[in-house]
Each structure stands twice: as C-alpha cells, then as structure tokens.
> 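This structure is in structure tokens; I'll ask about it shortly.
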Amino acid sequence: MTAFEDAVIEVITSLQFGEVVTYGEVADQAGFPGAARAVGTVLRNCDGDVPWWRVVGAGGFIRTPGQEKQADRLRSEGVLIMEGKVVDTRNR
DNA sequence: CCCCTGACTAGAA
DNA sequence: TTTCTAGCCAGGG
C-alpha cells in the first residue's frame, strides 16, 4: 500500500453522494498534483469499497472503459449525463 | 535496472 | 481548431 494509493482512496471515499470530481482534482487533494494517471491506475485496481464512479475526466468526460455503466451509476445519484459526459446544472 | 503503457491534464505548436 | 509534448505516479515485461 503506497502513500499515494492510500491518499487517493481516502479522498475518494470522502466524496458525498452525487459528488463528482476529476482525476486531477483527486490527485491534487491527495497531495500529488499532476498524478492524474496514477489515480486511474489506482481506481482500476481498487476494491468495491471505493466509489470510483464519482471520478471522471477533465470537463466531466467519462474516460472509463464501461462509461455507460458509470453513467448509469452517476444518474442513480442524481447526476445528469449527456453524450458520455457529466452535465453540471449549476453552470453551462 | 531499463523501457513502455495507461481509467490523465495543461500548455505549446 | 487540432495535434503534439512534457510532467506526474504506478505497474508490467
């Protein structure tokens, strides 16, 4: 268990219901700015206790292999999604 | 130990 | 506007 992985897991598990963040945000909050890739690596090997579906790419774009599945999970939490990306109702 | 790939991002060309 | 490069960290060959 690396410090990086531990920090990333902590940040993600601290997310609230319906909260969506980007890989860069997670890396930054974890204390490893710029390590967005490694965040994806961690999420790929993460366990079911980690709400990995709340993490999306920059701009709200879902960069996951099964983006439809993630989109469905997010929609279940009240997150509006269009064309494979998260739509922030507060902006736009 | 070296090299390459990747659920990434921001900035330069 | 589109394509390429550099930077960051982990993991596999």
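These figures come from a predicted structure and were not determined experimentally.
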> Sticking with atom C1', work out how far C/dT3 lies from B/dA7, rounded to a whole angstrom.
22 Å
> Look at the side chain of A/Phe4 and decide which nucleotide, out of B/dT9, B/dA7, C/dA10, has an atom nearest to it.
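My answer, after comparing the listed nucleotides, is C/dA10.
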> If you go through the side-chain atoms of A/Thr41, does one of them form a donor-acceptor pair with the base of C/dG11 closer than 3.5 Å?
no
> With the side chain of A/Ala58 defined as its heavy atoms from C-beta on, choose the nearest nucleotide among C/dC9, B/dA7, B/dT9.
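My answer, after comparing the listed nucleotides, is B/dT9.
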> Atom CZ of A/Phe61 to atom P of B/dA7: distance rounded to whole Å?
17 Å
> Out of B/dT9, B/dA7, C/dC9, which nucleotide sits closest to the side chain of A/Trp52?
B/dA7
> Would you mind reading off the distance between A/Arg73 atom CZ and B/dA7 atom P, rounded to a whole angstrom?
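Roughly 19 Å, once rounded to whole Å.
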> Output the rounded distance in Å from CZ (A/Arg63) to P (B/dA10).
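These atoms are roughly 11 Å apart.
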> Determine, stepwise, if the pair A/Glu83 / A/Phe61 fulfils side-chain contact (heavy atoms from CB on, under 4.5 Å).
CA-CA 9 Å; A/Glu83 313 240 337; A/Phe61 287 92; over 6 Å; no
> Between C1' on C/dA10 and CG on A/Asn45, what's the gap in Å once rounded to a whole number?
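Taking CG of A/Asn45 and C1' of C/dA10, I get 9 Å after rounding.
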> Select one nucleotide: of C/dC9, B/dT9, C/dG11, the one nearest the side-chain heavy atoms of A/Tyr23.
B/dT9
> By the 4.0 Å heavy-atom rule, please label A/Arg44 as base, sugar-phosphate, or nothing.
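If one applies the 4.0 Å heavy-atom cut-off, A/Arg44 turns out to touch a base.
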> Is it the case that atom CD in A/Glu10 sees more than 12 heavy atoms from other parts of the structure closer than 6.0 Å?
no
> Atom CD1 in A/Ile81, atom CD in A/Gln67: separation rounded to 0.5 Å?
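If we round to the nearest 0.5 Å, A/Ile81:CD1 and A/Gln67:CD are 9.5 Å apart.
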> Surrounding CZ of A/Arg73 (heavy atoms of other residues, nucleotides or ligands, distance under 6.0 Å), is the total greater than 12?
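More than 12 within 6.0 Å, yes.
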> Atom CD of A/Glu5 to atom C1' of B/dA7: distance rounded to whole Å?
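One finds 15 Å between C1' of B/dA7 and CD of A/Glu5, rounded.
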